[in-house]
Amino acid sequence: MTVKTMEDLFIETLKDIYYAEKHILKALPGMVKKASSKELKKALETHRQETKGQVDRLDQVFALFELSPRGKKCEAIEDIIAEAKEHMEEIEDPEVLDAGMIGSAQAVEHYEITRYGTLLAWAKQLGRADAIELLQANLKQEKHADALLTEIAEAAA
Ligand SMILES: [Fe+2]
Ligand SMILES: [Fe+2]
């Protein structure tokens, strides 16, 4: 699709985060399994469930624009998740691995936070109040997940 208007740009970015959320959803079970600390395991599992809800909300945003949900390959998220997988394959010490996974997970959250922040700003600009609430709900969960990961990392240090 050629981007010509702000709405096109919004939709392209929506496809990007849709792809990212689906990719994250696939990666999270492996991370939950590999996490040693109870707190980290729980936080990642909770966020896996939240992520399912986020995909549902994105489905609804697509519907508001009368589009069927579609992802657009996002290499940024693929690379961040590849880094997490590398840690999981290479790091043997469980505490070091937890720290590495937290670092990668926070990189994921920050990516999501920046995408949702941008989408929210553009939804406002486009006067799409209907999409704002859904995007805001996802952004809130990403910020909460990020803060929780910081807490877990600091408690372990
Ligand atoms: Fe997410
Ligand atoms: Fe997230």
Side-chain angles (χ1 to χ4, degrees), residues 9-65 67-89 91 97-124 126 128-157:
L9 189 59
F10 177 88
I11 296 299
E12 284 300 285
T13 308
L14 189 64
K15 288 179 185 168
D16 174 291
I17 192 69
Y18 190 73
Y19 181 94
E21 293 289 11
K22 291 230 158 176
H23 206 67
I24 294 160
L25 203 48
K26 269 192 261 165
L28 276 169
M31 292 174 77
V32 171
K33 219 165 129 191
K34 281 274 189 175
S36 302
S37 100
K38 255 197 344 225
E39 292 74 22
L40 180 58
K41 218 183 240 310
K42 194 173 153 230
L44 292 171
E45 173 54 25
T46 302
H47 201 51
R48 189 185 67 81
Q49 287 165 23
E50 285 174 344
T51 301
K52 278 206 229 164
Q54 292 172 358
V55 170
D56 289 345
R57 284 191 205 99
L58 292 179
D59 285 339
Q60 293 175 53
V61 178
F62 277 107
L64 290 173
F65 284 81
L67 293 167
S68 46
R70 238 185 73 201
K72 182 188 165 212
K73 188 174 164 69
C74 166
E75 277 165 12
I77 204 72
E78 284 187 350
D79 284 349
I80 296 171
I81 288 173
E83 179 197 84
K85 287 193 175 145
E86 208 176 291
H87 289 333
M88 291 191 279
E89 282 161 20
I91 305 175
L97 177 55
D98 275 5
M101 286 198 294
I102 289 173
S104 297
Q106 287 198 281
V108 168
E109 297 318 314
H110 282 237
Y111 182 77
E112 293 178 298
I113 288 166
T114 182
R115 290 279 111 147
Y116 283 121
T118 298
L119 282 168
L120 261 169
W122 289 344
K124 281 178 196 158
L126 291 165
R128 297 300 302 246
D130 49 359
I132 288 173
E133 211 175 313
L134 294 159
L135 296 167
Q136 191 84 62
N138 283 9
L139 178 61
K140 197 176 158 199
Q141 287 182 331
E142 311 301 13
K143 284 188 175 167
H144 177 257
D146 181 49
L148 189 58
L149 288 166
T150 297
E151 255 176 54
I152 294 169
E154 284 175 355

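The chain is numbered in sequence order, starting from 1. Remember, it's 1-based here, ligands and their atoms both numbered in the order they're listed.
At a threshold of 2.8 Å, the Fe ion (ligand 1) has a backbone or side-chain N, O or S atom of Q54 nearer than that distance. Within the coordination shell of the Fe ion (ligand 1), defined by N, O or S atoms under 2.8 Å, E21 is present.
Closest approach between the Fe ion (ligand 2) and any N/O/S atom of E109 involves OE1. For E112, the N, O or S atom closest to the Fe ion (ligand 1) goes by the atom name OE2. Of all the N, O or S atoms in E142, the one closest to the Fe ion (ligand 1) is OE2.
The CD1 atom of I11 sits 13.0 Å away from atom OH of Y18, with the distance rounded to the nearest 0.5 Å.
When the shell of 6.0 Å around CD of E75 is examined, it contains 12 or fewer heavy atoms from other residues, nucleotides or ligands.
Side-chain contact check for H144 and E50: no donor-acceptor pair (N or O, by modelled atom type) lies under 3.5 Å.
Remark: R128 qualifies as a cation-pi partner of F65 under the 6.0 Å distance and 45° angle criteria applied to the six-membered ring.
Residues E45 and R48 are paired through a salt bridge, judged by an N-O separation under 4.0 Å between the basic side chain and the carboxylate.
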